[in-house]
Amino acid sequence: MDYEEFVKKLGRKIKEIRISKGITQEGMDEGDHAISHRTVQDIENGQSHPSVRSIFKIAKRLEVEPNSLFSFENGVSKRKQKISSKEHQVLHQYFKNASIFKNQITKIYTDNPKDKLAEVSLYLNLWFNFLYIVIDTAIFRFNIQDEPFRSLYDFEKNKWKDELIPNLKSSNEIISSFNMENQIDLKGKEIESLILFAGVIHTLISKYFQEEKLEKIGVLSYRE
């Protein structure tokens, strides 16, 4: 293993532990051992070479021993039980939230999108965030290896299978800095491209919730 691979594996391990404990990146800013969520984000994405101090603070915030962050051999932990009805409902709720913002964008595009680029950018940001939460939660928290997640992630090698999710993440970063006071300059074609890409991800995930088995375990009906 070379150094760059080590940094990436360290980032994935930290992310796995953080999600398993139900802590968001923003939540790392809180508590007695707070550490900037921007620092955590860069480390998890393999874009930063963390200091010993940062690793120590992250371990303390996650309430684990620092040396546990360097245990890479097991990858994503294997579940010993089936996904519960409650877990499916949580995941489904995230997806329903994503669908709310997808529908908002669709509604805007029936009018005149050129006059509402800022509003579309805001909804795109929220849409991307919830889509990524669904994927992140399904893979790293619930370890769901059904489609579409096993087509996106190699559970044995603990890595993404292709460029689909990294593209989602990078696209999200493009619009993640958007707010009502600091608008980013997205061109119409850029927005259309992002909407198309998010739509592909959305369709993949929607097929999962259309499975009949979900109705049997408590998600009584599929609605976007």
Side-chain angles (χ1 to χ4, degrees), residues 1-79 90-91 94 98 124-145 148-150 152-178 194 197-198 201 205:
M1 177 188 339
D2 61 22
Y3 180 68
E4 293 301 323
E5 184 180 0
F6 166 78
V7 169
K8 290 179 181 180
K9 286 190 174 184
L10 174 62
R12 288 196 293 264
K13 184 67 176 185
I14 290 171
K15 183 175 184 177
E16 177 188 343
I17 295 173
R18 175 179 60 76
I19 292 174
S20 72
K21 290 179 174 289
I23 302 173
T24 64
Q25 287 182 337
E26 289 75 13
M28 296 294 284
D29 286 326
E30 305 168 358
D32 295 335
H33 301 285
I35 180 169
S36 167
H37 73 276
R38 295 292 185 188
T39 299
V40 174
Q41 184 180 61
D42 288 343
I43 294 173
E44 290 186 354
N45 291 338
Q47 298 173 346
S48 172
H49 297 171
S51 65
V52 174
R53 179 179 178 82
S54 293
I55 293 174
F56 181 80
K57 290 180 71 174
I58 289 172
K60 285 295 185 181
R61 178 66 184 89
L62 296 177
E63 298 181 336
V64 298
E65 291 298 322
N67 64 330
S68 68
L69 301 180
F70 302 105
S71 176
F72 308 137
E73 63 273 8
N74 294 329
V76 178
S77 59
K78 299 293 187 294
R79 294 180 63 91
V90 167
L91 201 63
Y94 289 144
L124 262 176
N125 185 28
L126 295 168
W127 185 18
F128 268 108
N129 279 329
F130 275 109
L131 286 178
Y132 191 70
I133 287 173
V134 172
I135 296 169
D136 216 40
T137 303
I139 292 175
F140 293 104
R141 183 177 173 189
F142 296 159
N143 196 231
I144 299 176
Q145 300 188 26
F149 308 112
R150 65 184 173 89
L152 305 176
Y153 194 82
D154 189 324
F155 287 85
E156 296 300 321
K157 296 181 179 179
N158 192 24
K159 66 178 184 179
W160 301 112
K161 282 191 173 181
D162 52 36
E163 295 300 314
L164 191 60
I165 300 305
N167 282 344
L168 175 62
K169 292 169 66 177
S170 62
S171 299
N172 187 34
E173 289 169 3
I174 293 174
I175 56 179
S176 63
S177 61
F178 174 85
L194 291 173
F197 183 73
I201 300 291
I205 297 174

Trainee: Okay, side chain of R61, backbone of E30: is any donor-acceptor separation there less than 3.5 Å?
Mentor: yes
Trainee: What closest approach, in Å, do M28 and I23 show between heavy atoms, and which atom pair accounts for it?
Mentor: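 So the two residues come closest at SD-CG2, 3.9 Å.
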Trainee: For a quick test of reading the model, state the closest non-hydrogen atom pair linking A59 to P66 and the distance between them.
Mentor: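 Nearest pair, atom of A59 first, then P66: CB-CA, 3.7 Å.
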Trainee: Roughly how far, to the nearest 0.5 Å, is the CD1 atom of I135 from the CD1 atom of I205?
Mentor: 4.0 Å
Trainee: Write down the atom of A34, the atom of D29, and the distance for their closest heavy-atom approach.
Mentor: CB-O, 2.9 Å
Trainee: Nearest heavy-atom pair of W127 and A98: which atoms, and what distance?
Mentor: CD1-O, 3.4 Å
Trainee: So how far is it from L62 CG to S68 OG, rounded to the nearest 0.5 Å?
Mentor: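 One gets 8.5 Å once the value is rounded to the nearest 0.5 Å.
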Trainee: For E4 and H49, what are the C-alpha separation, side-chain angles and deciding distance, and is it a side chain to side chain contact (heavy atoms under 4.5 Å, CB included)?
Mentor: CA-CA 9 Å; E4 293 301 323; H49 297 171; 3.7 Å; yes
Trainee: Roughly how far, to the nearest 0.5 Å, is the CD atom of Q41 from the CD atom of Q47?
Mentor: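 Rounded to the nearest 0.5 Å, the CD-CD separation comes to 7.5 Å.
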Trainee: With sequence neighbours left out, write down each residue that passes side-chain hydrogen bond (donor to acceptor under 3.5 Å, both in side chains) with R18, or none if nothing qualifies.
Mentor: E44
Trainee: Within this structure, what is the CG-OG distance for the pair L10 and S48, rounded to the nearest 0.5 Å?
Mentor: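 Result: 9.5 Å between the selected atoms.
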Trainee: Got a second to check how far I35's CD1 is from I43's CD1, nearest 0.5 Å?
Mentor: 5.5 Å
Trainee: Is a side-chain N or O of D136 found less than 3.5 angstrom from the main chain of Y132, in a donor-acceptor match?
Mentor: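 Looks like no, no N/O pair under 3.5 Å.
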Trainee: First locate atom CD1 of I14, then atom CD1 of I58, and finally report the distance between them rounded to the nearest 0.5 Å.
Mentor: 4.0 Å
Trainee: Check whether more than 12 heavy atoms from other residues, nucleotides or ligands sit under 6.0 Å from atom CD of E26, and answer yes or no.
Mentor: yes
Trainee: Anything under 30° is parallel, anything over 60° is perpendicular, the rest tilted; go ahead and classify F128 against F197.
Mentor: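 F128 vs F197 ring planes: parallel.
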Trainee: For F149, enumerate each residue passing the ring-ring contact (aromatic ring centres under 6.0 Å, His included) test, keeping only those at least two apart in sequence or located in another chain.
Mentor: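 So F149 forms a ring-ring contact (aromatic ring centres under 6.0 Å, His included) with Y208.
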